[in-house]
There are 2 protein chains.
Amino acid sequence: MVKRTSFAGDACPIARSLDALGDWWSLLIIREALFGVRRFGEFQNKLGMAKNILAARLRSLVDHGILETAPASDGSAYQEYVLTPKGRGTFPILVALRQWSEEFDDRPEEIATILVDREKGRPVKKLEMRAEDGRLLSPADTTLKPRPAPRRRSA
Amino acid sequence: MVKRTSFAGDACPIARSLDALGDWWSLLIIREALFGVRRFGEFQNKLGMAKNILAARLRSLVDHGILETAPASDGSAYQEYVLTPKGRGTFPILVALRQWSEEFDDRPEEIATILVDREKGRPVKKLEMRAEDGRLLSPADTTLKPRPAPRRRSA
DNA sequence: CTCCATTAGTTGCATGATGAAACTATGTTG
DNA sequence: CAACATAGTTTCATCATGCAACTAATGGAG
């Protein structure tokens with residue numbers, strides 16, 4: 001079988017994330033959803049993608065618990081796609097991707113928008129990794145440990 | 001033309017990031033590289049991926065300035081792939097992906113490792129978005145603004 | 001130096017994923 | 001109810017992925 005590899009069973013949490021949103025469109029759909037897009041046609045217009053692919057991605061995101069369908073809020077009989085808490089939880093991922101472009105893109109002048117603090121209109125700070133006690137951490141200050149066994153009956 | 005869509009020319013910084021690392025393998029290759037993997041065969045063993053795909057991805061990552069080739073550090077005539085600063089700059093993205101799994105995965109018990117502060121051995125804090133002045137921001141506290149016109153070369 | 005194993009790829013082929021366009025089935029509007 | 005909009009599905013050509021086999025250089029043992 002040539003089967004496209006899936007990371008669903010992988011033990012690495014990064015691989016597991018990628019299994020749910022590691023394709024070309026899913027994160028862009030979520031980006032639109034975070035800005036309030038809810039309807040099929042709206043996604044299609046904003047993203048300019050083929051309708052069959054959009055339909056497949058929406059289904060996949062619903063299956064993964066990132067979106068859920070709901071009756072249309074405008075009273076029509078159509079349905080809408082709205083983010084679940086799990087879906088809204090991807091926000092830091094999108095911010096990290098955005099900031100990486102802002103910092104390292106070869107043609108930053110082509111970037112149209114910046115993310116700002118609504119209250120002050122100033123750019124948000126770079127995401128930073130901190131220890132429990134608040135110390136700023138660099139990649140080298142971190143390491144991986146085996147997940148502690150959740151206390152439960154014998155494994 | 002059916003051509004697979006590229007986001008390279010897109011004005012959205014998220015799309016631009018995805019153009020460089022939005023496929024199934026690139027971020028996993030970078031993950032390994034951050035842990036010190038440098039040689040072709042090492043990547044291949046750890047990731048268990050097809051060699052042709054690995055070769056293609058390494059080439060793409062080098063083209064995007066994320067990896068660069070260097071003479072082997074062990075004195076042999078082979079070459080190594082090492083992260084550039086741009087490549088190391090993806091670390092927050094990987095952390096965000098990891099934390100999303102840790103928080104929302106349906107089978108967290110399958111996740112093998114946790115990222116900890118090396119000094120204390122305690123899990124790192126969740127990434128949080130803050131304003132310039134340090135206020136904690138939620139997605140709703142942010143908005144997009146057009147990129148300010150670049151100041152005429154002061155560099 | 002010679003021979004063989006290792007490393008780092010490339011090539012060929014089968015199959016799955018993607019995308020444009022056409023088609024369909026509802027829902028909505030005049 | 002006729003015309004139109006919405007939300008898809010189907011069809012088909014093309015592209016990407018993955019496995020296996022092949023090649024071209026090292027590197028190491030004798």
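For DNA chain C, the neighbouring residues in residues 53-61 of chain B, judged by any heavy atom under 4.0 Å, are B/A55, B/R59. Residues of residues 10-44 of chain A having a heavy atom closer than 4.0 Å to DNA chain D, listed by number: A/R39, A/F40, A/G41.
In this structure, of D/dC19, D/dT9, D/dG8, it is D/dC19 that holds the atom nearest to the side chain of B/A50.
Applying the salt bridge (charged side-chain N to carboxylate O under 4.0 Å, His left out) rule to B/D141 yields no partners; only residues at least two apart in sequence or on another chain are considered. Judged as a side-chain contact (heavy atoms from CB on, under 4.5 Å), and not counting sequence neighbours, the contacts of B/Q99 are B/V95, B/E102, B/V124, B/K126, B/L127. The salt bridge (charged side-chain N to carboxylate O under 4.0 Å, His left out) check on A/E42 picks up nothing, with sequence neighbours excluded. Evaluation of the salt bridge (charged side-chain N to carboxylate O under 4.0 Å, His left out) rule for A/K120 yields B/D133 as partners, not counting sequence neighbours. By the salt bridge (charged side-chain N to carboxylate O under 4.0 Å, His left out) test, A/R39 pairs with A/D74, sequence neighbours left out.
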Identify every side-chain donor-acceptor pair in residues 11-18 of chain A under 3.5 Å, counting partners at least two apart or on other chains, and give the distances.
unit_1	atom_1	unit_2	atom_2	d
A/R16	NE	B/D105	OD2	2.9
A/R16	NH1	A/A8	O	3.3
A/R16	NH1	A/D10	O	2.9
A/R16	NH1	B/E110	OE1	3.0
A/R16	NH2	B/D105	OD1	3.0
A/R16	NH2	B/R107	O	3.4
A/R16	NH2	B/E110	OE1	3.1
A/S17	OG	A/P13	O	3.2
A/S17	OG	B/L97	O	2.6
A/S17	OG	B/S101	OG	3.0

Quick one: side chains of residues 47-72 of chain A, donor-acceptor pairs under 3.5 Å with protein atoms, not counting sequence neighbours, listed by atom name and distance.
unit_1	atom_1	unit_2	atom_2	d
A/R57	NE	A/D23	OD2	2.7
A/H64	ND1	A/S60	O	3.0

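For the salt bridge (charged side-chain N to carboxylate O under 4.0 Å, His left out) condition, the pairs that include at least one residue of residues 85-95 of chain A, sequence neighbours left out, are A/K86-B/D106.
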Distances for protein N/O vs nucleotides 22-27 of chain D N/O pairs under 3.5 angstrom?
unit_1	atom_1	unit_2	atom_2	d
D/dG27	OP1	B/A77	N	2.4

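The rotation axes computed at either terminus of the helix from C/dC1-D/dG30 to C/dG30-D/dC1 lie 20° apart, taking five pairs at each end and rounding to 10 degrees.
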